[in-house]
2 protein chains.
Amino acid sequence: MRTAEALCAKRGARLTEIRRRVLKAVWASHAPMGAYDILAGLNAGTGKIAPMAVYRALDFLMEHGLVHRLASLNAFIGCALATENHAAHFLICRGCKSATEMEGAALTRAVKKTLSAHGFVPETEIIEIQGLCAHCHKEGVPKT
Amino acid sequence: MRTAEALCAKRGARLTEIRRRVLKAVWASHAPMGAYDILAGLNAGTGKIAPMAVYRALDFLMEHGLVHRLASLNAFIGCALATENHAAHFLICRGCKSATEMEGAALTRAVKKTLSAHGFVPETEIIEIQGLCAHCHKEGVPKT
DNA sequence: GTGAACAATGTTATAACATAACATAAATAA
DNA sequence: TTATTTATGTTATGTTATAACATTGTTCAC
Ligand SMILES: [Zn+2]
Ligand SMILES: [Zn+2]
Ligand SMILES: [Zn+2]
Ligand SMILES: [Zn+2]
């Protein structure tokens, strides 16, 4: 959270109340959260925030690399490596619902190589591997 | 199309009228199509097919590896390598809206390696790189 | 300080994507 | 043929995301 504040300050970006609350909600969850889950959390008390507000906050947070969107789940998760902009690669376990962000230097290199072979200029890189994490696999989480 | 028929015959799977029509629609488009786009196409004449029917056909076609879903676009595209089940890796150009399926042996290897390093057992592999294809980049398609 | 310009939020409505649940019909097996 | 399974029809609803425009708040030049 300090990191987020520092980062926004450095960029002259405003980490407002609602953005902070959304970020906090996303960070508080190990599992990826849907936008409407986040919304429900914010509105748990007396709230009456609208979906738009959450989506706008998420857009802001994504722009600044504090949150990632998991396309395969329509869900959002806090960035584990909130440094400069980076490609996000995720391992998504259907057993424990975890999504682990991985720092894949080798993978990144392989992707780059493949792209340049095609002359393709990348802008967004989505890599999401679904399956079972080591723990859940050992536990014998069933197929379906 | 012959391929699809052969493949289904071999497996005892029934490539019915509606499934065939959906496959044809998806194949006819270079660009990925949304489910409701496909639906609109089928219903262009006298039709009155419901969304469910399209989604069910798509599920069938995906099970048999004839169609892929692009998670980042909520769209579907015909498989360019309709052989055995394979991980689908796509290059998605925002200029010409094309989605190119790539046969990335090296990339596949890199992914495998990374996964085993994490002890992660994969089931579904989503790799979608968005950006500009060589042609659109050369044309100077602008940022936004 | 005042006012212009921009940034953020509020508000309402709707678009776009996807599935649940149950009924009917068609194909296959026994 | 009857039973069983597979596919489709039908209606309704759930889920995710954006459009459009009004209002409020912040910043900055003057
Ligand atoms: Zn990250
Ligand atoms: Zn797990
Ligand atoms: Zn394919
Ligand atoms: Zn292109």
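The sequence lines fix the lettering, A, B, ..., with proteins before strands; numbering per chain opens at 1.
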*Polar side-chain atom of B:R19 near backbone of B:L61 as donor-acceptor pair, under 3.5 Å*: no
DNA chain C: first to last nucleotide in contact with chain B (atom under 4.0 angstrom from a heavy atom), 5' to 3', is C:dC17 to C:dA27
**Message:** Side chains of B:H89 and B:E103: any donor to acceptor distance under 3.5 Å?
**Reply:** no
Does B:H118 have more than 12 heavy atoms from other residues, nucleotides or ligands lying within 6.0 Å of its NE2?
yes
Is the number of heavy atoms from other residues, nucleotides or ligands under 6.0 Å of A:H30 NE2 greater than 12? no
Note: contacts of residues 39-55 of chain A with DNA chain D (heavy atom, under 4.0 Å) are A:M52, A:Y55
Of B:A57 and B:N74, the one whose closest nucleotide on DNA chain D sits nearer the 5' end is B:A57
The residue among A:R20, A:R14, A:K24 that forms salt bridge (charged side-chain N to carboxylate O under 4.0 Å, His left out) with A:E5 is A:R20
When B:R14 and B:A35 are each assigned the nearest nucleotide of DNA chain C, the 5'-most assignment goes to B:A35
| message | Strictly distance-based, threshold 3.5 Å: is any side-chain N or O of A:E128 a donor or acceptor partner for the main-chain N or O of A:A71? | response | yes
Per side-chain contact (heavy atoms from CB on, under 4.5 Å), A:L132 is matched among A:E139, A:K143, A:H137, A:K138 by A:H137
In whole angstroms, the gap separating P of D:dT6 from CZ of B:R11 amounts to 17 Å
Q) Can A:E101 and A:H86 be counted as having a side-chain donor-acceptor contact under 3.5 angstrom? A) yes
Classify the nucleic acid contact of B:R56 as base, sugar-phosphate or nothing, counting any heavy atom under 4.0 Å across all strands shown. base
Rounded to whole Å, CZ of B:R21 lies from P of D:dG9 at a distance of 10 Å
